[in-house]
Amino acid sequence: MDKKHTTTSGIEIKDVYPAVSKPEELPGEFPFTRGIQKDMYRGRLWTMRQYAGFSTAEESNKRYHYLLAQGTMGLSVAFDLPTQIGYDSDDDMAEGEVGKVGVAIDSLKDIEILFDGIELQKITTSMTINATASILLAMYIALAKKQGADLSQISGTIQNDILKEYAARGTYIYPPKPSMRIITDIFEYCSTELPKWNTISISGYHIREAGSTAVQELAFTLSNGKAYLNAALQKGLDINVFAKRLSFFFNCHNNFFEEIAKFRAARRMWANIVKNLGATDEKAMMLRFHTQTGGSTLTAQQPLNNVMRVSNQALAAVLGGTQSLHTNGYDEALSLPTEAAAKIALRTQQIIAFESGVTDTVDPLAGSYFIETLTDEIETAATIYIDKIEAMGGSVNAIENGYIQQEIANAAYQYQKEIESGDRVIVGVNKFTQKEENFDEVFNIDESIRAIQIDKLKKLKADRNNEAVETALLNLKRAAKGTENLMPFILLAVEEYATLGEIANCMREVFGEY
């Protein structure tokens with residue numbers, strides 16, 4: 001008997017696919033299954049980003065200049081854990097984590113150093129930040145103002161997706177309701193002050209990294225997106241305006257065709273979700289997304305094999321129609337990427353763009369019987385999950401009652417069982433193994449980073465106008481207790497050089513912690 005073949009989401013794959021009759025869908029037209037631009041990469045390539053940030057702002061700034069010199073088109077900033085959860089580097093809670101998984105940012109002073117010599121109006125910046133997104137965005141705005149930039153031309157993205165933090169990642173600070181208030185305040189503020197800024201990047205990436213299947217990643221991400229739409233609508237915002245500034249962030253794993261079909265299904269599903277909530281402008285119905293290759297698919301064993309994994313995933317993301325792409329370094333199962341690994345990761349994108357020929361026509365896999373059927377099957381499976389979450393009252397309720405977390409945990413357990421039984425082959429891990437060789441080229445973070453940051457904080461607090469800081473923080477606390485938009489108050493505090501921790505603690509006192 002033939003062995004049953006399935007995708008990672010358990011969708012059965014047939015031997016051969018019969019001809020499928022599909023309604024005529026064109027790129028750049030609703031429901032955007034075939035892409036959101038008529039000419040796709042013939043008109044403009046995806047933005048090639050490299051996610052980077054480590055130790056101090058000074059060190060990260062050097063890496064940014066290096067990446068820009070290598071041909072990176074946009075920056076993507078990684079922040080350390082204390083920055084992500086609202087602690088200054090001198091806080092006891094920050095010990096052992098300063099500058100480790102990203103750059104340490106304590107104040108506007110660090111942001112000034114981080115982007116030294118880089119004109120914010122000439123690049124796009126993506127910031128992977130959630131609980132403290134409002135504070136980091138305010139710092140970015142403050143620096144843009146200092147550079148004399150036209151804020152209406154500043155473009156980039158903050159992740160700002162707190163729901164997936166509760167479900168899969170854990171870097172939240174405040175309870176869900178005040179967190180949703182901060183997010184919708186950012187939507188409202190940017191709609192007038194930073195019209196080109198993407199105010200949220202609704203992330204499936206971390207849901208997938210936590211162990212979900214491709215179908216779960218799609219379903220839970222779009223459910224979270226729907227929750228943000230509803231929260232903004234309840235605030236009285238215009239869906240035709242704010243929905244244009246929502247973007248998505250997906251993972252791309254190894255099952256080549258499933259990943260491509262997932263991206264095509266995502267566009268079609270989102271277009272219909274936004275339309276059904278009352279949007280009339282087709283631009284508001286377009287799902288625009290950034291992709292990162294799958295960090296959890298990389299192996300510490302035989303790390304050079306990861307070059308092939310990343311290439312496979314990057315090609316799937318491009319064939320799936322991504323707007324922006326980050327390719328992981330082959331050494332990231334061992335450490336932050338070395339410069340050599342970061343360069344190979346970027347060259348992978350450039351080779352796909354300029355040598356492979358896949359960018360010469362729009363959606364080259366459209367009409368494939370397999371791809372079209374798989375796109376429909378993924379949509380059907382994801383819709384079942386979304387309907388179940390809706391019946392619970394939406395994503396916030398489904399997260400609060402633990403449903404989404406449990407579904408992810410079950411999928412992760414099943415995946416691990418398949419690896420341990422050998423039913424799922426991971427090259428170099430459970431098949432084609434070899435005696436491990438030492439891999440010496442790893443990136444190390446100096447333990448002295450925290451002392452450097454603490455010295456900078458002492459100097460900052462001695463030099464700034466502490467009275468003005470105190471006034472700004474009191475005004476922010478008053479606004480947090482009321483209903484005013486918090487962004488102008490956070491920006492004023494940032495401009496007086498209040499620290500990230502001081503601002504986060506100010507809101508902790510009003511909102512509490514989750």
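Small disclaimer: the values here were computed from a predicted structure and weren't measured. Residue numbers start at 1 and run along the sequence shown.
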Taking NZ, NE, NH1 and NH2 as the nitrogens, is one of them in R264 or E372 under 4.0 Å from a carboxylate oxygen of the other?
yes
In terms of ring plane angle, is the pair F289 and F263 parallel, tilted or perpendicular, where the classes change at 30° and 60°?
parallel
Working for salt bridge (charged side-chain N to carboxylate O under 4.0 Å, His left out), residues E188 and R245
CA-CA 11 Å; E188 184 179 53; R245 303 284 22 121; over 6 Å; no
Quick one: is the NZ or CZ of K235 closer than 6.0 Å to the six-membered ring centre of F187, and within 45° of its axis?
no
Could you give all pairs that pass the salt bridge (charged side-chain N to carboxylate O under 4.0 Å, His left out) test and reach residues 388-398, with sequence neighbours left out?
K226-E390
Checking L137 against L194 for the side chain to side chain contact (heavy atoms under 4.5 Å, CB included) test, could you report, in this order, the C-alpha distance in whole Å, the side-chain angles of both residues, the deciding distance, and whether it holds?
CA-CA 11 Å; L137 176 59; L194 264 77; 4.3 Å; yes
With a 4.5 Å limit on heavy-atom distance, are the side chains of I105 and L136 in contact?
yes
Sequence neighbours excluded, every pair satisfying salt bridge (charged side-chain N to carboxylate O under 4.0 Å, His left out) that has a member inside residues 281-299:
K244-D281
Can you list the residues that meet the salt bridge (charged side-chain N to carboxylate O under 4.0 Å, His left out) rule with D39, with sequence neighbours excluded?
none
Please evaluate residues L233 and L237 with respect to the criterion side chain to side chain contact (heavy atoms under 4.5 Å, CB included), reporting the C-alpha separation (whole Å), side-chain torsions for both, the decisive distance (0.1 Å), and the verdict.
CA-CA 5 Å; L233 287 167; L237 302 183; over 6 Å; no
With sequence neighbours excluded, tell me which residues meet salt bridge (charged side-chain N to carboxylate O under 4.0 Å, His left out) with E379.
R268
List the residues meeting salt bridge (charged side-chain N to carboxylate O under 4.0 Å, His left out) with R267, not counting sequence neighbours, and say none if there are none.
none
Under the salt bridge (charged side-chain N to carboxylate O under 4.0 Å, His left out) rule, what pairs show up with a residue in residues 202-219, not counting sequence neighbours?
R208-E217, R208-E259, E217-K262
Under the side-chain hydrogen bond (donor to acceptor under 3.5 Å, both in side chains) rule, what pairs show up with a residue in residues 308-322, not counting sequence neighbours?
N254-Q313, T291-T322, T297-Q313, T299-R309, N306-R309
For S223 against I386, the heavy-atom pair lying closest together:
OG-CG1, 3.5 Å
Pair listing, salt bridge (charged side-chain N to carboxylate O under 4.0 Å, His left out) test, anchored in residues 404-418, at least two apart
E418-R424
Given the rule in the ring pair (Phe, Tyr, Trp, His ring centres under 6.0 Å) test, do F257 and F370 qualify, once you have shown the distances and angles that lead to the verdict?
CA-CA 8 Å; F257 295 113; F370 179 38; 5.4 Å; yes
Please list, chain by chain and in numerical order, all residues satisfying side chain to side chain donor-acceptor pair (under 3.5 Å) with T293, sequence neighbours excluded.
N328
Residues passing the salt bridge (charged side-chain N to carboxylate O under 4.0 Å, His left out) test with E24, sequence neighbours excluded, are none
With sequence neighbours left out, write down each residue that passes side chain to side chain donor-acceptor pair (under 3.5 Å) with Y330, or none if nothing qualifies.
none
Partners passing side-chain contact (heavy atoms from CB on, under 4.5 Å) against A231 (at least two apart in sequence or in another chain):
M180, T184
